[in-house]
Amino acid sequence: MNNIIFITGMAGSGKSTVGRLVAEHFPKSLFIQVDELRHKVVKGYAIPEGDFTEEITQQFKLARSTAIYMAHLYANQGVDVVIDDVCVPATFVEQYAALFEIPEVHRVLLYPKASVVIERLKQRGELWDDILISSVPKIYSYLDPMQKDGWIVLDSSKWTIEQTVNEVLANIGPVPGNIQN
């Protein structure tokens with residue numbers, strides 16, 4: 001089985017940009033954005049605007065189960081897989097339990113300081129960023145004490161995207177077919 005790299009963090013931590021760039025370092029790779037899977041719901045999509053309702057939680061679980069299945073399927077066929085997903089709700093680790101049982105899974109938490117995330121979200125200016133900014137303290141309140149054994153935890157507060165990608169790659173080990181200096 002090939003690598004599966006799970007990258008998570010708060011919105012604005014750089015996980016989507018970093019995840020895609022990490023995937024580009026492999027000879028054969030698949031990049032899975034769990035948000036894209038959730039957005040495939042045509043009618044009945046539940047928007048997470050604060051508290052996680054039963055419907056929102058169910059839609060996250062379905063998208064995550066799909067991502068786990070896809071990752072396993074592709075990794076078993078010689079493809080390295082990068083999964084990008086946000087770290088909400090507080091039970092997100094439990095929702096990935098089946099993925100984290102696989103030895104080839106690298107768990108990466110992009111963990112810039114909360115103040116840096118807030119500034120990035122302000123600069124980004126996307127539709128839901130005001131709601132995300134207000135949720136930063138709540139998310140960090142469960143990320144700070146979260147058990148991080150087995151995780152690659154990267155404080156990317158002062159790093160460029162390229163530096164963050166290089167740190168992820170350095171922590172997961174050599175990439176087959178990639179010449180590293």
Side-chain angles (χ1 to χ4, degrees), residues 1-24 26 28-77 79-111 117 120-121 124 126-136 138-143 146-148 150-154 164 168 172:
M1 177 184 278
N2 279 43
N3 287 304
I4 299 172
I5 302 157
F6 174 78
I7 299 178
T8 193
M10 174 71 203
S13 65
K15 63 193 175 306
S16 297
T17 304
V18 169
R20 178 166 289 286
L21 292 170
V22 166
E24 289 178 4
F26 294 95
K28 289 175 71 175
S29 63
L30 174 70
F31 179 54
I32 303 170
Q33 286 185 284
V34 176
D35 276 349
E36 285 184 4
L37 296 174
R38 289 187 321 97
H39 294 152
K40 295 221 179 281
V41 174
V42 174
K43 197 161 186 176
Y45 175 71
I47 299 171
E49 296 183 75
D51 291 334
F52 267 63
T53 64
E54 189 174 320
E55 182 62 27
I56 292 168
T57 300
Q58 182 63 22
Q59 288 184 15
F60 267 85
K61 285 180 180 180
L62 284 169
R64 288 171 171 167
S65 294
T66 302
I68 292 167
Y69 176 78
M70 288 175 65
H72 196 262
L73 182 68
Y74 277 79
N76 276 329
Q77 295 300 314
V79 177
D80 291 289
V81 179
V82 178
I83 300 172
D84 150 31
D85 194 12
V86 68
C87 57
V88 294
T91 58
F92 81 97
V93 172
E94 296 165 21
Q95 293 175 4
Y96 278 105
L99 180 69
F100 297 157
E101 292 172 0
I102 302 169
E104 293 83 5
V105 173
H106 304 277
R107 293 177 276 171
V108 178
L109 173 61
L110 296 183
Y111 202 42
V117 169
R120 288 177 184 174
L121 291 169
R124 188 168 79 170
E126 290 182 10
L127 180 63
W128 302 105
D129 285 346
D130 287 341
I131 292 169
L132 293 171
I133 288 168
S134 67
S135 68
V136 169
K138 179 179 180 179
I139 292 170
Y140 274 72
S141 75
Y142 64 77
L143 283 180
M146 181 182 99
Q147 179 66 278
K148 296 175 186 76
W151 286 82
I152 299 165
V153 180
L154 302 174
T164 306
V168 171
I172 64 170

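Only a predicted model underlies this, so the values are computations on that prediction, with no experimental measurement involved.
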Checklist line | Q147 vs V93 side-chain heavy atoms within contact, under 4.5 Å | finding: no
Check: So, for Y140 and Y111, is the gap between ring centers shorter than 6.0 Å?
Finding: yes
Notebook entry, point to check: Side chain of T17, backbone of G14: donor and acceptor closer than 3.5 Å?
Noted result: no
Note to self: What's the separation between atom CG in L110 and atom CD1 in I152, rounded to the nearest 0.5 Å?
What the structure shows: 10.0 Å
Check: Can you check side-chain hydrogen bond (donor to acceptor under 3.5 Å, both in side chains) on Q59 and E55, steps first, answer last?
Finding: CA-CA 6 Å; Q59 288 184 15; E55 182 62 27; 2.8 Å; yes
Next item on the list: Check whether any side-chain heavy atom of L73 sits under 4.5 Å from a side-chain heavy atom of M70, and report yes or no.
Entry: no
Notebook entry, point to check: Would you say H106 and V168 make side-chain contact, with heavy atoms under 4.5 Å?
Noted result: no
Note to self: Tell me if a side-chain donor or acceptor on N3 pairs with a main-chain N or O of D80 at a distance below 3.5 Å.
What the structure shows: no
Check: Is the shortest heavy-atom distance from the side chain of N2 to the side chain of V79 under 4.5 Å?
Finding: no
Margin query: Can you give me the closest heavy-atom contact between R120 and G12, atom names plus distance?
Written below: CD-O, 3.0 Å
Notebook entry, point to check: So, do Y96 and V34 sit near enough that their side-chain heavy atoms are less than 4.5 Å apart?
Noted result: yes
Check: Within a strict 4.5 Å, meaning less than it, do heavy atoms of the L30 and Q77 side chains meet?
Finding: no
Item checked: Separation of L21 CG from T164 OG1 (nearest 0.5 Å) -> 10.0 Å
Next item on the list: Would you indicate whether the side-chain heavy atoms of K28 and Y74 approach each other to under 4.5 Å?
Entry: no
Notebook entry, point to check: So with a 6.0 Å cut-off around NZ of K148, is the heavy-atom count from everything else above 12?
Noted result: yes
Next item on the list: Taking the six-membered ring for Trp and the single ring otherwise, decide whether the centroids of F6 and F100 are under 6.0 Å apart.
Entry: yes
Check: Does the pair V41 and L62 meet the rule for a side-chain contact (heavy atoms from CB on, under 4.5 Å), with working shown?
Finding: CA-CA 11 Å; V41 174; L62 284 169; over 6 Å; no
Notebook entry, point to check: How many angstroms lie between atom NE2 of H72 and atom CG of L99, to the nearest 0.5 angstrom?
Noted result: 9.5 Å
Checklist line | Considering all heavy atoms, the nearest A23-F31 contact | finding: CB-CB, 4.3 Å
Notebook entry, point to check: Is the cationic atom of R38 (NZ for Lys, CZ for Arg) positioned less than 6.0 Å from the six-membered ring centroid of Y45 and within 45 degrees of its normal?
Noted result: no
Notebook entry, point to check: What's the shortest heavy-atom distance between P89 and F52, and which atoms?
Noted result: CD-CE2, 3.6 Å
Next item on the list: Locate the shortest heavy-atom distance separating D84 from S16; write the atom from each residue and the value.
Entry: OD2-OG, 2.6 Å
Notebook entry, point to check: To the nearest 0.5 Å, how far apart are NZ in K15 and CD1 in I7?
Noted result: 10.0 Å
Margin query: Return the CD to NZ distance between E94 and K61, rounded to the nearest 0.5 Å.
Written below: 9.0 Å
Check: Does Q58 reach the side chain of E54, with side-chain heavy atoms less than 4.5 Å apart?
Finding: no
Notebook entry, point to check: Got a second to check how far I83's CD1 is from I68's CD1, nearest 0.5 Å?
Noted result: 7.0 Å
Next item on the list: Under the side-chain contact (heavy atoms from CB on, under 4.5 Å) rule, what do F60 and V86 come out as? Steps first, then yes or no, please.
Entry: CA-CA 10 Å; F60 267 85; V86 68; 4.1 Å; yes
Item checked: Qualifying residues under side chain to side chain donor-acceptor pair (under 3.5 Å), relative to S29, sequence neighbours excluded -> none
Next item on the list: Provide the closest heavy-atom pair for L143 versus C87 in the form atom of the first, atom of the second, distance.
Entry: CD1-SG, 3.6 Å
Item checked: Smallest separation among heavy atoms of T8 and D85, with atom names -> OG1-O, 2.7 Å
